Structure formats: C-alpha cells, structure tokens
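Have a look at the structure below, then the notes.
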Amino acid sequence: MHYLDHAATAPLRDSARAAWIDAAGRLGNPSSLHAPGRAARAIVEDARERIAAALGADPAEVVLTSGGTEADNLAVKGLHWGRSAADPAARRLIVSAVEHHAVLDAARWLASRGDAELIEIPVDAHGVIDLDALDTALDHESSAVSIMWANNEVGTVQPVRAAVELASAHGVPVHSDAVQAIAHLDVDFRDSGLAALSVSAHKLGGPVGVGALLARRGLPLVPTAHGGGQQRQVRSGTLDAAGAAAFAAALDDAVAERAAERDRLEGLRERLLDGLRAAVPGATVSGLDDAGRRLPGIVHAVIPGARAESVLFLLDAGGIAASSGSACTAGVVQASHVAEAMGWSAEDAACTLRLSMGRTTTADDVEAVLAALPGAVERARAATGA
Ligand code: PLP
C-alpha cells in the first residue's frame with residue numbers, strides 16, 4: 001500500500017507508542033494526592049514542559065486537549081465569549097474563509113445563535129488571505145481573529161505575522177490553527193506574537209485524541225466544558241498522562257528531524273509535481289510555488305471533470321491511499337470550501353486531489369501514484385462524461 005494521506009493522519013511513531021504504553025500501564029489520576037497520582041502528574045508535567053519547549057511556549061501556556069478540534073473550539077468560542085464578556089462592544093469575530101471546519105463551523109455557530117457578528121476574510125487564487133480585507137474588518141468592536149498557520153487542503157502558509165501586526169494595532173488577540181504546520185515548519189509561539197495556537201499529535205506521529213491549545217497567560221478564555229476544574233479551570237477533564245507523554249515523544253522526534261525532512265519532502269514534491277503536470281492534462285496545481293509559503297508535503301490539484309470520489313476509489317483499488325482534502329460523507333466528497341474560496345466553481349471544487357507526504361513516504365510511493373493517476377483520471381472523467 002502506498003500511503004499518501006499524511007495530512008489526514010500520520011503513522012504512529014515507535015517513540016510515541018512506547019511512551020503511551022508505558023504511561024497507560026501505570027495507575028493513578030494525575031489530580032490525586034497520593035503517590036501514584038503524583039507519579040502520573042509528573043508524567044503530565046514532564047510532557048507539558050517538552051511540548052512547551054518544542055513550540056517556544058511556557059509550560060503554563062500549554063492547555064492539553066483531546067486534539068485539534070477541541071483546541072480550535074476552545075480558542076474560537078472561549079476567546080470570543082471571554083472578550084465580549086469583558087467588553088460587550090467586542091462582538092465581531094474574524095476568521096479566514098479557508099479555515100478548517102473546527103474553526104469555521106465554531107465561528108458560524110456563534111454567529112447563528114447571535115453571539116457574534118462574523119466576518120470571513122476572503123483569499124486569493126492561491127488561498128492566501130486578503131490582508132487589506134482583514135485590516136478593514138478590524139476595529140475596537142473586533143473580539144478575536146483566527147487565521148490558520150498552514151492550510152490542510154492546499155498547504156498554503158498564511159501571513160500570520162502580518163495578521164498579528166494588523167490586529168495588535170487594535171488590541172485584538174489572534175489565534176492560529178497550526179495543526180498542519182508543526183510537523184514541517186518552525187513554529188515558535190513566543191516569537192509569533194499570537195495569543196493562542198492549536199496543535200494536534202496525530203499529524204506528526206503521535207496518537208489520535210490528544211493535542212493542545214497554547215494560550216498566553218491572562219487571555220480571557222471561557223471554558224467550553226465544565227467539570228473538575230483541571231488545567232486552571234480552562235479545560236476540565238481527567239488529565240491524559242499517556243496521551244500527553246506520547247504527544248511529547250512524537251513532537252520531540254518531529255522537531256529533531258524537521259529541517260532534514262523538509263528538504264527530503266521538497267525533493268519528492270518536485271518529482272510529484274512534474275509528473276502530475278505531465279501525466280494529467282487539465283490539472284491545475286494549487287498554491288504558491290515559493291517554498292516557505294506552502295507546506296513541503298502537500299500536493300493539491302483541481303482536475304476538472306474527474307470527481308474526487310471516483311479518483312480516490314480507483315486509486316484505492318490500485319493500492320494508493322489519497323484524499324480530496326475536503327470532507328467526505330457516506331463516500332461522497334463534498335465540494336471543498338477551500339477550493340470554492342479560491343475561486344473554483346462548486347463543480348470543480350468537487351474534483352480535487354490531495355496527495356500528502358510525510359516521514360515514511362518514499363520515491364517508490366511517488367512513482368506508484370504517478371503511474372496510477374492517468375488511468376484513474378481518465379476513467380473518472382469517462383464516468384461523468386467529461
Ligand atoms: N485543524 C486542521 C488544520 C486540521 O488539519 C485538523 C485535522 O484534520 C484539525 C484541525 C482537527 O484536528 P484533530 O483531528 O486532532 O481534531
């Protein structure tokens with residue numbers, strides 16, 4: 001099997017598996033006062049320190065969560081509620097139109113119940129946010145801004161620092177979803193000027209179901225779940241020592257090999273792009289050419305006439321696991337909101353292909369997909385009469 005879906009989830013690292021098994025085998029709730037509880041707490045706090053160090057944060061800024069989705073929800077809802085509670089005029093929530101659904105749908109939900117006035121910042125044909133539109137949207141009535149570090153469908157890296165500069169002129173905190181970024185790019189929370197940043201373990205070889213929100217101290221964050229008051233009342237729930245330990249182990253390894261991996265993936269990406277352009281007539285590769293303004297491991301293309309579910313099914317039958325990049329319900333790919341925001345019609349936005357690479361991807365995987373793709377696209381197009 002050739003696995004080209006690392007952006008969906010990456011293979012578990014041995015270090016993460018070992019750390020998880022070791023910690024999961026120990027007894028003790030990290031909030032209990034007895035010796036096993038204190039030992040479990042020590043595992044959590046060691047993991048928190050390592051996660052903080054790897055991401056340029058202070059351990060007190062790391063709120064462990066059940067993954068990227070929870071971190072995004074806590075950031076968007078918690079920050080909006082917190083800011084608008086302190087200042088009722090601060091009702092305007094600003095997010096980019098290409099956010100992951102964990103941000104976008106949380107923001108739309110707040111708007112639908114009248115809690116927020118929502119502004120979605122448009123993007124250009126490469127998926128880069130319109131900074132002028134952001135500047136226009138910002139004023140004293142803005143509650144928060146959420147702009148992702150790198151897009152999960154097309155790989156475009158956003159001008160987060162420029163967004164932070166614009167927002168800070170109005171005293172508005174900025175959150176960034178860096179779930180796809182941390183495996184490949186140098187992400188430093190302190191340096192970024194961000195108020196909050198979401199990360200997830202399973203995109204870099206940690207287990208599914210663990211992540212974190214990095215949140216600056218003093219940030220007004222209203223909890224999204226109430227309970228035992230763990231993690232300074234911001235995120236209740238028994239602390240997951242095994243998940244935290246496994247996340248820290250995976251992150252340590254990912255950061256240590258990140259620069260070398262980035263170069264290796266750039267090489268594979270070049271070959272994949274050349275091959276794709278030569279082998280698939282009519283395919284338009286998305287995003288910017290400029291390395292540094294896109295993720296090294298993602299190749300995304302719109303292939304008009306070739307519906308994503310058909311192409312994916314045919315590739316899968318040939319032993320290749322790929323993705324459209326957008327949500328899939330009952331085997332039918334929904335038109336990608338990211339491709340639509342980039343200017344594609346709804347029809348073309350249902351004809352996307354995302355090939356995403358990571359640390360186990362080899363040149364052999366790339367050649368296999370290039371060999372299978374022309375036939376799959378031809379058959380998919382024949383099925384729609386294109
Ligand atoms: N944000 C981005 C950009 C993602 O790619 C994903 C995962 O697909 C998430 C958030 C959600 O993360 P998790 O799967 O850990 O809930």
Side-chain angles (χ1 to χ4, degrees), residues 3-12 16 20 51 55 62-78 95-109 123 127-129 146-158 160 174-185 187 194 196-214 224-225 235 237 240 243-244 246-248 250-251 254 286-287 294-298 300 321-329 333-334 336-339 341 352 354-358:
Y3 187 75
L4 287 143
D5 203 13
H6 285 251
T9 197
L12 190 66
W20 192 90
I51 292 166
L55 298 171
V62 178
V63 181
L64 295 165
T65 66
S66 63
T69 300
E70 187 194 339
D72 283 344
N73 271 266
L74 178 57
V76 172
K77 295 174 188 167
V95 308
S96 91
V98 295
E99 293 302 306
H100 187 274
H101 283 292
V103 166
L104 201 54
D105 291 12
R108 288 179 179 168
W109 179 80
V123 297
V128 182
I129 59 156
S146 185
I147 304 285
M148 70 203 315
W149 199 294
N151 183 265
N152 49 300
E153 294 191 25
V154 297
T156 298
V157 174
Q158 297 296 353
V160 168
V174 181
H175 160 255
S176 185
D177 174 340
V179 165
Q180 293 290 341
I182 54 170
H184 304 289
L185 307 176
V187 172
L194 289 162
L197 180 109
S198 301
V199 294
S200 176
H202 74 105
K203 308 291 185 180
L204 47 78
V208 175
V210 55
L213 181 69
L214 309 187
T224 50
R235 200 280 187 173
D240 174 9
F247 184 12
L251 188 55
S286 312
R294 53 168 171 72
L295 292 173
I298 289 186
H300 179 275
S323 161
S324 68
S326 65
C328 178
T329 316
V333 174
Q334 293 161 12
S336 155
H337 70 287
V338 176
T352 54
R354 179 186 70 185
L355 302 168
S356 56
M357 303 179 287

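Just so you know, residue 1 is the first one in the sequence shown, and it goes up from there. Atoms within a ligand are numbered from 1 in the order they appear, just like the ligands themselves. Worth saying up front: this structure is predicted, and the values here are computed from it rather than measured.
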Check: Gln158 side chain, Asn151 main-chain N or O, donor-acceptor pair, under 3.5 Å:
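No, the answer is negative, given that no donor and acceptor are paired below the 3.5 Å cut-off.
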
Please list all pairs meeting side-chain hydrogen bond (donor to acceptor under 3.5 Å, both in side chains) that have one or both residues in residues 196-211, counting only residues at least two apart or in different chains.
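Sorted result for residues 196-211: Thr9-His202, Asp72-Ser198, His175-Ser198.
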
Test side chain to side chain contact (heavy atoms under 4.5 Å, CB included) applied to Leu214 and Val187, Leu197, Val63, the passing residue
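Only match with Leu214 under side chain to side chain contact (heavy atoms under 4.5 Å, CB included): Leu197.
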
State, with a plain yes or no, whether a side-chain heavy atom of Leu204 is found less than 4.5 Å away from one of Ile182.
yes

Just to verify, what does His184 make a ring pair (Phe, Tyr, Trp, His ring centres under 6.0 Å) with, not counting sequence neighbours?
none

Can you name the residues that form a side chain to side chain donor-acceptor pair (under 3.5 Å) with Thr69, not counting sequence neighbours?
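Listed in chain order: nothing, the list is empty.
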
Residues in contact with ligand 1, criterion: heavy atom under 4.0 Å:
Gly67, Gly68, Thr69, Asp72, His100, Met148, Asn152, Asp177, Val179, Gln180, Ser200, His202, Lys203

